[in-house]
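Remarks on the structure that follows.
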Amino acid sequence: MKTILATGIAGFIGFNFLKYYLRTYPERRVIGLDNLTYAGNYDNFSALSGEEQSRFTFIKRDIADPVLVNSLFEEYDIDGIINFAAETHVDRSIQDPSAFLKTNILGTGVLLDAAKNSWSGKESGKKFLQVSTDEVYGSLGTTGYFTEDTPLDPHSPYSASKAAADLLVKAYYDTYGMPVVITRCSNNYGPYQFPEKLIPLIIQNALHHQPLPIYGDGMQVRDWLYVEDHCQALDAVLEAGRVGEVYNIGGNNEWENIRLIRLLISILQDETGDPQINETLIRFVRDRPGHDRRYAIDSSKIQKDLHWRPTTDFTKGIRTTVTWYLEHTEWLKKVSSGEYLRFYEENYRKR
Ligand code: NAD
Ligand code: TYD
C-alpha cells in the first residue's frame with residue numbers, strides 16, 4: 001500500500017488535505033505527524049470515517065526532532081512527504097520569530113535529511129513536496145503577478161522563514177539530487193481555519209458583535225483560493241509534478257481587505273438575520289509593520305503542465321465557508337483557547 005508522510009495535518013490546510021487524500025485514494029495510507037500547537041486540533045480527526053481512520057496513523061511529535069523523524073523512516077516504507085507543518089501567522093512572527101525559525105527552517109531541514117538518508121539510491125518514484133507560500137515573493141504594486149521566476153523578497157519573519165526553507169529544499173535537489181518539488185500558494189479560505197486569520201476572525205468577532213479590526217487603510221489585496229482547490233493542486237503536484245520545479249497556485253481572485261470584510265458582513269446578515277452584525281463594527285486599526293500591499297499569483301504553469309485550475313466559484317465558496325463556521329460555533333469556541341486569547345489581547349492591544 002502506497003504510504004505518504006504528511007506533516008501539520010491537524011491544522012487548516014493539512015486537515016483538509018488529509019480528508020481529501022484518504023477519500024480520493026482508498027488504497028493509500030497516511031502517516032500524520034503533528035505536535036498539536038495552538039493551531040492543530042486533534043478533534044478534527046473525528047470527522048474521518050472509520051475506514052479512513054484505519055488507513056491513518058497519527059503521531060503527536062515535532063518535525064524538528066531528528067531521532068523521531070529518522071525512526072519513522074525506519075518503521076514505515078514512505079513513498080512521499082508533504083510538509084504542511086509550520087508556524088503560519090504573520091502577526092505572531094512579528095511578536096516572536098523564534099518558533100518560526102525552529103519549525104519552518106530547522107524542521108524542514110530535519111525532514112529533508114531523514115528522507116535523504118532513507119531514500120539514498122532508491123529515489124525513483126519518491127517525492128518530497130514542500131508546501132510554501134506566495135508571501136516569499138514579497139509585495140506587488142497595483143499591477144503584475146508573481147511567477148515562479150519572481151525573485152524571493154520576503155518581508156515578515158514568517159515569510160523569511162518560509163523562503164529559507166524553500167532555499168534549503170532547492171539545495172537538497174541541487175546537491176544531492178533529492179526528488180523535491182515546491183508549491184507556492186496564495187491565501188486559502190474554507191472550513192477548519194484557525195480564527196486568528198482574517199476570514200474566520202471576522203466571522204467569529206461579528207457573531208459576538210465585537211469590533212472587526214482592519215489594518216491600515218484596508219486596501220491591501222489578497223488572492224483568495226478555496227482550500228479544496230489547493231488540495232487538488234497539491235495532489236496533482238505530488239502525482240505528476242516534475243522534480244526540482246516550483247509551481248505557483250492561485251485563485252485569480254483578488255480582493256481588497258475592506259471589500260472582503262463588507263462582503264462577509266452582508267453574507268452574515270443574510271444567514272443570521274442579526275441586525276447587530278453591520279458595518280458599524282468595522283474599526284480601522286494601526287497597520288501591521290512591514291505589511292505586504294498586494295499578492296497576486298500567475299498560476300499558468302501548473303494550469304498548462306498539470307491541467308489544474310481552480311474550480312470553486314468564489315461567491316459559492318465564501319458562502320459555504322461562512323455557513324460552515326455558523327454550523328461549527330462549538331469548534332470555534334473550542335479552538336479559541338486561553339493561549340489564543342492571550343495572543344489576541346497582546347496583538348490588538350497596541351492597535
Ligand atoms: P496552520 O497554522 O493552520 O497549521 C499548522 C499545523 O502545523 C498545525 O496543525 C500545527 O500543530 C502543526 N505544527 C506546527 N509546528 C509543528 C512542529 N514543529 N511539528 C509538527 N507539527 C507542527 O497552517 P495552514 O494554514 O494549514 O498552513 C499549512 C501550510 O501551508 C504552511 O506551511 C503554510 O506556510 C502554507 N500556506 C498556507 C496558506 C494559507 O492561506 N493558510 C497559504 C499558502 C501556504
Ligand atoms: P491573514 O489572514 O493574516 O493572512 P496573510 O497576512 O498571511 O495574508 O491576513 C490577510 C489580510 O488581512 C492581510 O492583509 C492582513 C489583514 N488583516 C486585517 O486587516 N485585520 C486582521 O485582524 C487580520 C488578522 C488580518
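Read the numbers this way: they start at 1 and go in the same order the structure lists the ligands and their atoms. The figures that follow rest on heavy atoms only: side chains count, while hydrogens, waters and symmetry mates do not. Please read these numbers as outputs of a predicted model, since none were measured by experiment.
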Would you say D62 and ligand 1 have an N/O pair spaced under 3.5 Å apart?
yes

Does the residue E135 have a heavy-atom contact with ligand 1, meaning some pair of atoms that are separated by less than 4.0 Å?
no

With distance as the sole criterion, is a donor-acceptor pair present between the side chains of R29 and T3 under 3.5 Å?
yes

Would you mind listing which atoms of ligand 1 come within a distance below 4.0 Å of any non-hydrogen atom of Y158?
33 (C), 34 (O)

Any idea which part of V285 is under 4.0 Å from ligand 2, heavy-atom wise: side chain, backbone, both or neither?
neither

For ligand 2, note which part of N257 has a heavy atom under 4.0 Å away: side chain, backbone, both or neither.
side chain

So if I count the atoms of ligand 2 from 1 in the order they appear, which ones are less than 4.0 Å from some heavy atom of Y348?
21 (C), 22 (O), 23 (C), 24 (C)

Which ligand 1 atoms, with their elements, are less than 4.0 angstrom from a heavy-atom of K162?
31 (C), 32 (O), 33 (C), 34 (O)

At under 4.0 Å between heavy atoms, is it the side chain or the backbone of L201 that contacts ligand 2, or both, or neither?
side chain

Taking only non-hydrogen atoms of P213 and a 4.0 Å limit, the atoms of ligand 2 in range are 18 (C), 19 (O), 20 (N), 21 (C), 22 (O)

Relative to the heavy atoms of H291, which atoms of ligand 2 are at a distance of less than 4.0 Å?
13 (C), 14 (O), 15 (C)

Using the ring of each side chain (for Trp, its six-membered ring), is H291 parallel, tilted or perpendicular to Y215, with breaks at 30° and 60°?
perpendicular

May I ask you to identify the nearest protein heavy atom to atom 9 (O) of ligand 1, giving residue, atom name and distance to one decimal place in Å?
D34 OD2, 2.6 Å

Show which atoms of ligand 1 fall inside a sub-4.0 Å distance from at least one heavy-atom site of A85.
7 (O), 21 (N), 22 (C)

Examine R92 relative to Y38 and say whether NZ or CZ is less than 6.0 Å from the centre of the six-membered ring and inside a 45° cone about the ring axis.
yes

Flag if over 12 foreign heavy atoms under 6.0 Å of NZ, K334
no

Below 6.0 angstrom between ring centroids: does that apply to W308 and Y247?
no

Sub-3.5 Å N/O-N/O distance, K197 and ligand 1
no

Would you say H230 has any N or O atom under 3.5 Å from an N or O of ligand 1, going by distance alone?
no

Hey, is F194 one of the residues with a heavy atom under 4.0 angstrom from ligand 1?
no

Heavy-atom gap A99 to ligand 1 smaller than 4.0 Å
no

H89, portion touching ligand 2 at heavy-atom distance under 4.0 Å:
side chain

Using a 4.0 Å heavy-atom cut-off, say whether L36 meets ligand 1 through its side chain, its backbone, both or neither.
backbone

Would you mind checking if R319 and D270 are paired as a salt bridge, meaning a charged N to carboxylate O distance below 4.0 Å?
yes

List the closest protein heavy-atom neighbour of atom 43 (C) of ligand 1: residue, atom name, distance to the nearest 0.1 Å.
C185 O, 3.3 Å

When you check the gap from the basic side-chain N to the acidic O, do R184 and D166 get nearer than 4.0 Å?
yes

Of the backbone atoms (N, CA, C, O) and the side-chain heavy atoms from C-beta on, which set of Y158 has a member under 4.0 Å from an atom of ligand 2: side chain, backbone, both, or neither?
neither

Taking 4.0 angstrom as the limit and counting only heavy atoms of N187, give me the atoms of ligand 2 inside it, by number and element.
4 (O), 5 (P), 8 (O)

